[in-house]
Amino acid sequence: MVGADTAWIIVATALVLFMTLPGLALFYGGLVRGRNVLSVFMHCYAIACLMSILWFVAGYSIAFGGEGAYWGGLGKMFLNGIDADTVAGTIPEVLFFAFQMTFAIITPALIVGAYVERIGFGFVLLFSALWMLAVYAPVTHWIWGGGFLADGGIFGETGVKDFAGGIVVHETAGLAALLIAVFLGPRKDHSKPPHNPGYVMIGASMLWVGWFGFNGGSQLAADGGAAMAMTVTHISAAAASLTWALWEKIKFGKASLVGIVTGTIAGLASITPASGFVTPVQALIIGLIAGILCQEAVNLIRNKLKIDDTLDVFAVHGVGGIFGTIMIAVFGAGTWAAQLGSLAIVGVFTTVMTVVLIFVVKAVTPLRVDAETEVNGLDLMVHGERAYDHAS
């Protein structure tokens, strides 16, 4: 056990939890109408609580419990056999469990952005629970837990390179978000602007800071690799913010606050899989492209395909994560076969499993709230509270 590594991953764990609570909650909450902001907070908070328990019960074991090609097994359920002295690499295994738990929290929480303002709360909880166990945990095992997509797996000695979750987090969450949006259908009124751009900026800023733990912590050591991962993460985020704003100015005549901070998230999502493998100059290239690529993906999904992925989860996270995963091969840090093959395998698996889970869960609890609840807002109608005295 190395004290410096342990100290750094303790900090990184707190930073990644900070991304969901309160970062993602504020980022998403500011983008909806005032009558639905507390429901977004509730979704993020409840998911954080539920995923924590489920990761402890079975998720961690499925992802990291064994060396099977497809399944980690159930041998580490309830942290069986793990105490304060059990070591994983150079850190306590219970700390590795906690660090990975924060990833299991934020991944289903990212999906929240696709279904805000019209989703049933029971559906949110049951779907998120089953999806984390049946989709996220197995995919995590395949790539990070020594499964069949990792080094020595089906792609040979060099398996897929996904440093901090371009496939594991962003592709899976993005695809699930898009599919739920399709099944839900559009909001009855999606003409209203974000009710609080200030919340959006504050939340995005928290995500940016938290992402240092997300990517830098994925080195699992306090060394130069962690420092480089943090540096390239920051450069990509800054570059994508500027190109998003510039592209917005060219197309619409104005650069918006919501736009520039959405560019930040696009740059962060895009660098995530590559952050352990690229140079600062390569990170700059990734960020510069991501700001424009993800903005055009928003336009395609929202305006051309008419899919109401409300807060653009797939366009920003899904497209960004896929793009970053491909750029690893472009820069020669991974093989084309492993990068593209893993994207395809995980994409098909996530799509099939998500569709199955949507049908299963909506047979148990309503997928969408009734029309009256949607018009009056989820805050009062579902949770009995409201954020503000004024209407929005």
Side-chain angles (χ1 to χ4, degrees), residues 15 18-45 47-48 106 109-119 170 173-174 177 181 187 189-211 214 234 236-249 251-252 254-270 287 290-292 294-295 297-299 301-302 308-320 377-379 386-388 390-392:
L15 285 170
F18 183 70
M19 291 173 70
T20 304
L21 301 174
L24 188 69
L26 282 167
F27 179 70
Y28 279 172
L31 288 167
V32 300
R33 288 187 289 170
R35 68 189 65 182
N36 293 310
V37 59
L38 288 188
S39 72
V40 175
F41 292 171
M42 184 67 167
H43 293 163
C44 291
Y45 206 95
I47 285 172
I106 198 169
L110 289 175
I111 304 170
V112 168
Y115 53 58
V116 291
E117 302 198 299
R118 63 204 189 279
I119 193 82
H170 294 289
R187 290 162 291 167
D189 182 1
H190 47 86
S191 62
K192 299 293 191 295
H195 91 280
N196 195 327
Y199 276 6
V200 181
M201 180 270 177
I202 293 168
S205 302
M206 292 173 172
L207 285 165
W208 192 339
V209 172
W211 229 289
F214 199 85
H234 190 76
S236 177
S241 303
L242 294 173
T243 53
W244 186 297
L246 176 62
W247 198 239
E248 209 175 38
K249 173 68 174 175
K251 291 177 67 178
F252 307 114
K254 290 186 173 73
S256 69
L257 175 66
V258 168
I260 194 171
V261 303
T262 305
T264 304
I265 306 306
L268 291 165
S270 297
I292 297 172
C294 292
Q295 188 176 152
V298 169
N299 180 57
I301 292 164
R302 185 186 296 175
D308 189 12
D309 176 357
T310 312
L311 308 183
D312 306 309
V313 181
F314 179 76
V316 175
H317 293 278
V319 171
L378 274 60
D379 290 0
R386 64 181 179 184
Y388 314 107
H390 60 269
S392 170

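It should be emphasised that the depicted structure is a prediction, and the values quoted were computed from it without experimental measurement.
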Practice item. For the pair Glu248 (side chain) and Ser256 (backbone), establish whether a donor and an acceptor sit closer than 3.5 Å, ignoring hydrogens and angles. Key: yes
Check your understanding: If we only count heavy atoms from C-beta on, is the Ile301 to Asp312 side-chain gap below 4.5 Å?
Key -> no
Review point. Can you tell if the side chain of His190 reaches within under 4.5 Å of the side chain of Thr310, non-hydrogen atoms only?
Key: no
Check your understanding: Does a side-chain heavy-atom distance below 4.5 Å link Phe214 with Leu15?
Key -> no
Check your understanding: How are the rings of Trp211 and His170 set relative to one another: parallel (under 30°), tilted (30 to 60°) or perpendicular (over 60°)?
Key -> parallel
Review point. Are any of the side-chain heavy atoms of Asn196 and Val37 separated by less than 4.5 Å?
Key: no
Point to revise | Close side-chain approach of Leu378 to Met42, heavy-atom, < 4.5 Å | key: no
Review point. Among all residues two or more places apart in sequence or in another chain, which pass the side chain to side chain contact (heavy atoms under 4.5 Å, CB included) test with Leu38?
Key: Phe41, Asp379, Glu385, Ala387
Check your understanding: Just wondering, do Asn36 and Val116 contact through their side chains at under 4.5 Å, heavy atoms?
Key -> no
Check your understanding: Are side-chain heavy atoms of Phe27 and Val261 found at a separation under 4.5 Å?
Key -> yes
Practice item. Answer yes or no: is there a donor N or O on one side and an acceptor on the other, between the side chain of Glu117 and the main chain of Val32, under 3.5 Å? Key: no
Check your understanding: Is Leu246 close to Leu242 at the side-chain level, that is, under 4.5 Å between some pair of heavy atoms?
Key -> no
Review point. Between Tyr388 and His195, is a side chain to side chain donor-acceptor pair (under 3.5 Å) present by the stated rule, with each step listed?
Key: CA-CA 11 Å; Tyr388 314 107; His195 91 280; 2.8 Å; yes
